[in-house]
Every structure is written in structure tokens, then in C-alpha cells.
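To keep things clear, I will list the structure first and then write my remarks on it.
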Amino acid sequence: MAALRAPAATLLVLLALAAAGGVAADGSDHRYKIREPVPLYANKVGPFHNPSETYRYFDLPFCSPDKVKEKSEALGEVLNGDRLVDAPYKLDFRDEVESKAVCSKKLTTEDVVKFRNAVAKDYYFQMYYDDLPLWGFIGKVEKGGKDDPSEWKYYLYRHIIFDILYNNDRVIEINVHTDQSALVDLTEDKETNVEFLYSAKWKETPTPFEKRMEKYSSSSNMPHHLEVHWFSIINSCVTVLLLTGFLATILMRVLKNDFVKYAHDEEAADDQEESGWKYIHGDVFRFPKNKSLFSAALGTGTQLFALTTFIFLLALVGVFYPYNRGALFTALVVIYALTSGIAGYIATSFYCQLEGTNWVRNLLLTGCLFCGPLFLTFCFLNTVAIAYSATAALPFGTICVIVLIWTLVTFPLLVLGGIAGKNSKSEFQAPCRTTKYPREIPPLPWYRRTIPQMAMAGFLPFSAIYIELYYIFASVWGHRIYTIYSILFIVFIILLIVTAFITVALTYFQLAAEDHEWWWRSFLCGGSTGFFVYGYCLYYYYARSDMSGFMQTSFFFGYMACICYAFFLMLGMVGFRASLFFVRHIYKSIKCE
């Protein structure tokens with residue numbers, strides 16, 4: 001296992017060093033002389049309320065050069081939907097510009113309709129100046145108090161003003177606003193002549209270069225936001241303390257009574273009939289049905305847990321600072337590839353412990369259990385993005401790179417992990433011998449069946465994280481910035497603790513009811529929080545967001561289904577591991593005949 005973790009540890013160090021350096025994404029050191037060109041890239045445009053639906057900047061009929069020069073991008077930037085090209089504006093360092101013409105253009109009727117539709121959908125543009133992001137709306141709608149859209153007025157902004165702050169030879173901040181008096185009326189379908197203008201105003205600031213990114217993270221660190229986050233933490237901690245105290249008290253008292261009772265029963269007549277969880281000691285370690293699928297789910301869940309842990313470590317050391325373009329996506333792809341050996345090792349070793357024979361099939365199932373649904377979802381959503389001509393559609397070259405990573409890194413490491421797991425030859429540690437024939441499970445009331453138990457198991461962990469979920473959703477599926485990774489990490493730890501405790505409690509009650517099929521039940525109960533998170537997706541989409549359209553809806557529910565499925569596998573693994581530890585512990589404490 002140490003050999004499998006070594007590449008991932010190396011990656012952590014490299015990414016942390018890369019983040020610590022002050023080098024720009026384009027390789028510059030951010031130092032400029034007066035009137036020296038500073039890189040300005042136009043990125044994308046799209047409806048403000050549909051974050052996944054973005055298009056190339058020059059898909060709208062702005063002033064464009066004869067040949068658009070595209071910037072070479074890293075894998076994470078492409079996955080993020082970034083498509084950077086040279087912007088039509090020239091903003092040299094400390095060079096004041098006043099109402100300079102970009103171009104004069106005759107908008108055809110089709111161009112006017114295209115701009116009007118964009119303004120009606122609240123289109124915004126995004127650019128990067130010296131790796132600093134800036135946004136602005138392309139136009140505005142004047143409703144004039146009227147409800148009929150046919151009576152509204154649509155205007156295009158034709159004069160953009162850049163306000164740039166500098167400190168010595170470095171750019172510190174850039175903001176953009178528009179001249180409200182320089183408008184183009186788009187209301188009618190007719191050709192119109194437009195002169196696009198821009199201005200640049202420079203002002204010195206004492207803010208040091210090292211703190212220029214703090215502006216973008218300050219919104220999530222505002223006092224009223226922090227109060228909500230800490231309220232979330234306190235709420236979760238109280239939940240954990242109450243749950244832990246309740247379970248510890250109940251289980252310790254009940255188990256103590258059980259141990260005393262069973263010890264007394266052993267001294268009494270041998271023909272006294274056993275009852276409760278000791279009664280099924282010959283069946284409790286009977287291997288589950290579909291052992292290959294169970295082992296694959298356990299291995300994949302462990303890999304996703306390792307992936308999440310590494311991502312949190314990178315976040316806590318500052319790799320994912322605001323607008324570090326594509327860093328998160330790059331880290332997800334690379335770390336998932338490097339941790340595939342963990343999935344192979346855990347799945348195959350556990351499958352062999354369960355006396356499985358076809359370990360190759362088990363290994364293939366492990367490799368496809370999460371990647372398979374993710375790949376099918378991606379194929380469908382990428383087809384939708386291609387149909388919309390959106391930047392979310394991955395180029396063929398990027399798809400080839402991802403396939404190569406899977407073929408040359410993920411799959412070989414999965415196989416190596418599987419071979420190591422097969423050769424580990426460890427046996428399943430069961431304190432009680434399993435009888436030849438299983439006991440019949442007595443009839444159970446409806447609330448002791450799988451679905452009601454999953455509902456009970458998923459509600460408490462979800463209640464511990466639901467406040468933080470809103471901020472995460474608003475960041476991933478909106479324009480809010482999330483940087484408080486330390487609080488998120490605390491919430492993650494609380495989630496793991498609550499999941500483990502509630503699954504252990506339900507497993508005990510299941511065994512006390514003489515139901516010995518706890519293996520799959522503990523996994524399903526642990527992972528049931530994923531279903532609650534997906535239910536929250538429905539609430540967020542319809543009640544807390546303004547997303548609309550087929551593309552945005554399919555992207556939201558498609559990729560959230562994959563994320564919730566990953567949650568299910570990861571927390572299912574946590575629930576089963578906690579239950580297995582508990583079951584082994586209580587059956588070690590009694591004398592099994």
C-alpha cells in the first residue's frame with residue numbers, strides 16, 4: 001500500500017510548490033515596464049443564471065481580428081470550459097486610454113437579433129487581465145414598468161471602461177464598468193452602425209502583490225457569512241455530541257446487560273434457548289450475496305475517500321486559490337488516476353478474503369463501477385454541449401488525453417493493486433465460526449426493512465451538512481466564491497463520524513432483531529446520505545436558483561447524480577467499515593459455542 005500511495009504523495013508536494021510560486025499561468029512573472037503590453041484574454045460569454053452554458057467570446061458579433069489567436073490551455077482549464085483568446089482591447093501598463101475606438105461595425109439584422117437574445121438572457125462576458133478575472137454585462141433591458149416583453153427596450157453597451165490599480169511595476173486589481181450613455185438600441189430588427197469604444201484608467205494602490213487575490217475570497221469571509229458557517233459547525237457539533245452521547249449510553253448499557261445476561265446463561269442450564277444478537281453468532285459472519293459487487297463497491301469507495309482526503313489537503317495548503325484556472329479539475333483527474341491502485345488492492349484482497357475465485361472479473365468490475373456511469377453521463381452531456389456549440393463540449397484532443405491517462409495510468413495501477421491484493425493472502429478475521437446452513441430470519445416490522453432504515457440512516461448525516469451545502473452549490477453552480485476550506489473540512493469530519501455512529505447503531509438493532517444480513521444493509525445505510533443530497537439538488541434547482549434550459553438542467557442533474565453516487569460509495573464504505581469493527585468487537589467479547 002505504501003508503494004501505491006507514493007506517487008500521490010509526490011503529486012501533493014509538486015502541486016503545493018507550484019501553488020506557492022508567484023508565476024503566472026502564461027509563464028510571466030507579472031512585472032511590467034511603462035507602456036509594456038500586459039496580456040488580456042477574452043474567455044467566454046453566457047447567461048448569468050446558467051453557469052454551465054457558456055460560449056466562446058467571439059460567438060457574439062463583437063469586434064474581432066481577421067485571425068483569432070487562441071491561448072494554449074492546460075487540461076483543467078479545458079475541463080472548466082475556458083477558451084481563452086486574445087481580446088480586442090490593448091491595455092498596456094500604465095497607459096491611459098480615453099474613448100479609444102476598437103472598431104466601427106455595421107450590425108446586420110441577424111447580428112442585432114443575436115445581441116438582443118443575449119441581452120434578454122442577461123449575458124455576461126469574462127476576461128483575464130494579467131491572470132486577474134473580470135466580468136461585465138454586455139447590455140441591459142429597460143422594462144419601463146411594463147409586463148409585456150414585446151414592449152421592453154433592449155440596449156447594447158458599446159463603451160467599456162477599465163479601472164486598473166497598480167503597485168510599482170505590478171498589476172494589483174482590475175474592475176470594469178460601462179458607459180451608460182453609450183448605448184445601442186437593439187429593440188428593432190434593423191441594421192445599425194456601431195462604434196465600439198474602450199477606456200483605461202490607472203491608479204496607484206498600496207496593496208502588495210501577494211495580497212491581490214484576497215479581494216476575490218473576501219466575499220466568503222465577510223462577518224455575516226462566517227456567522228452562518230460557524231452556526232453550521234455548532235449545529236453539526238451539537239448533533240454529533242448528542243448522537244454520540246446517546247449511542248454510547250444506550251449501546252454501552254445494552255451491551256453490558258447483554259454480556260451479563262449471556263455470561264449468566266452460560267452458567268445456567270445448557271438447554272436454555274438463546275435470543276438476541278448472540279443467537280445468530282453462527283450466521284453473522286456469513287459472507288454476503290454478490291460478493292464481487294460488494295468488494296468492488298468497497299474498493300471504489302475507499303479510492304474516492306482517498307481522493308477526497310488528498311483534495312482537502314491540497315485545498316488546506318492553498319493550491320485552490322480563487323480563479324486558479326482549472327486547478328481543481330486537474331487535481332481530480334490526476335489524483336483519481338494515481339489512487340486507482342488503492343481501489344484494486346482493497347477490492348481484490350477483500351474479495352479473496354470472502355473466498356472469491358474470479359478475481360480478474362472482480363478487478364474489471366471495480367474499474368468500471370464508478371468510471372462506467374461517469375463515462376456514460378459524460379457522453380450524453382458532451383453531445384448536448386456539442387449540439388449547443390457550448391465551451392463545455394470537450395475537444396477531441398482533450399478526450400484522447402483523458403483516455404490515455406485512464407489507459408496508461410489508471411488501469412495499470414488498478415491491475416497492480418489487484419495483483420498485490422490477491423497476493424496478500426490475508427484471511428477474513430471472524431471471531432465466530434459460521435454454521436453450514438443459515439438460520440431463517442424472523443418476520444420483521446416494516447420499519448426494520450432496508451428502505452426505512454436507509455431513510456433513518458441518511459437523515460442525520462444530511463442534517464449535519466445541509467447548511468454548508470448551500471454555499472457549495474452556490475459556488476459550483478453559481479458565481480459565489482468558496483474559500484473557507486478549513487470549515488468545510490471540519491464539516492466533512494463530522495459527516496464521517498455521524499455516518500459511522502448511525503450505521504453502527506442500526507446494525508446493532510438489526511442484529512438484536514436476529515437479522516444477520518447486515519453486510520449490504522450497513523453499506524446501503526451508510527451511503528444513503530447520497531440520496532438526500534440528490535433530493536437537495538431538486539430543492540436547490542427549483543427554489544434557490546434561476547437555472548433554466550435543457551442544457552443547464554441536464555448538466556446540473558447529470559453531474560450531480562455522479563457526485564451523489566460517489567458520495568454513496570464513499571460513505572457506504574465508511575458505514576460498513578465502522579459496522580464491521582463493531583460487530584467483530586462485540587462477538588469477540590462473548591464465548592461462541
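The structure displayed is predicted, hence computed values, not measured ones.
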| request: Begin with the C-alpha distance, continue with both residues' side-chain angles, and end with the deciding distance and a verdict on side chain to side chain contact (heavy atoms under 4.5 Å, CB included) for Phe285 and Arg584. | output: CA-CA 9 Å; Phe285 292 106; Arg584 277 177 174 161; 4.0 Å; yes
About how many Å separate [atom2] of [Y] and [atom1] of [X], when rounded to the nearest 0.5 Å?
X      : Y      : atom1 : atom2 : answer
Phe287 : Thr434 : CZ    : OG1   : 6.5 Å
Ile402 : Leu394 : CD1   : CG    : 5.5 Å
Leu488 : Ile472 : CG    : CD1   : 4.5 Å
Tyr559 : Ser554 : OH    : OG    : 9.5 Å
Cys564 : Leu569 : SG    : CG    : 11.5 Å
Thr529 : Met570 : OG1   : CE    : 9.5 Å

Side-chain contact test, heavy atoms from C-beta onward, threshold under 4.5 Å: evaluate it for [X] versus [Y] and give yes or no.
X      : Y      : result
Arg480 : Tyr470 : yes
Asp82  : Glu73  : yes
Ser340 : Trp406 : no
Asn43  : Val85  : no
His49  : Ser545 : no
Ile419 : Asn423 : yes
Leu354 : Ser295 : yes
Gln552 : Pro51  : yes

Looking at [X] and [Y], what are the two nearest heavy atoms and their distance?
X      : Y      : value
Thr507 : Ser522 : OG1-CB, 3.9 Å
Ile311 : Phe320 : O-CE1, 3.5 Å
Glu77  : Arg83  : O-NH1, 4.3 Å
Ala457 : Cys525 : CB-O, 3.3 Å
Asn382 : Ala393 : OD1-CA, 3.3 Å
Thr553 : Ser548 : OG1-C, 4.3 Å

| said: Apply side chain to side chain contact (heavy atoms under 4.5 Å, CB included) to residues Ile405 and Leu75 and explain how you reach the verdict. | reply: CA-CA 11 Å; Ile405 290 174; Leu75 174 64; 4.1 Å; yes
Determine whether more than 12 heavy atoms belonging to other residues, nucleotides or ligands lie under 6.0 Å from atom [atom1] of [X].
X      : atom1 : answer
Phe581 : CZ    : no
Phe492 : CZ    : yes
Tyr534 : OH    : yes

Are the aromatic rings of [X] and [Y] close, with centres under 6.0 Å apart?
X      : Y      : result
Trp519 : Phe428 : yes
Phe568 : Phe523 : yes
Phe312 : Phe489 : yes

| Quick one: does NZ or CZ of Arg544 land under 6.0 Å from the six-membered ring centre of Phe473, within 45 degrees of the ring axis? | no
Sidechain-backbone polar pair: [X] side chain, [Y] backbone, donor-acceptor under 3.5 Å:
X      : Y      : value
Ser475 : Tyr471 : no
Arg448 : Phe509 : yes
Asn362 : Ser292 : yes
Gln510 : His516 : no
Gln126 : Gly46  : no

Kindly assign one of parallel, tilted or perpendicular to the pair [X] and [Y], based on the angle between their ring planes and the thresholds 30° and 60°.
X      : Y      : answer
Phe557 : Tyr542 : tilted
Phe294 : Trp520 : perpendicular
Phe370 : Tyr336 : tilted
Phe576 : Trp518 : parallel

Verify whether one side chain among [X] and [Y] offers a donor that lies under 3.5 Å from an acceptor in the other.
X      : Y      : answer
Ser426 : Gln353 : yes
Thr391 : Thr54  : yes
Tyr345 : Thr302 : no
Arg521 : Thr450 : yes
Glu468 : Tyr482 : yes

| query | Hey, are Arg286 and Asp283 close enough for a salt bridge, meaning a charged N less than 4.0 Å from a carboxylate O? | reply | yes
| Residue pair Ile563, Val476: steps toward the side chain to side chain contact (heavy atoms under 4.5 Å, CB included) verdict | CA-CA 12 Å; Ile563 292 172; Val476 176; 5.8 Å; no
| message | Go through it in stages, so that I can follow the logic: the residues are Cys562 and Phe378, the test is side chain to side chain contact (heavy atoms under 4.5 Å, CB included), and I'd like the CA-CA distance, side-chain angles, deciding distance and then a yes or no. | response | CA-CA 10 Å; Cys562 293; Phe378 162 75; over 6 Å; no
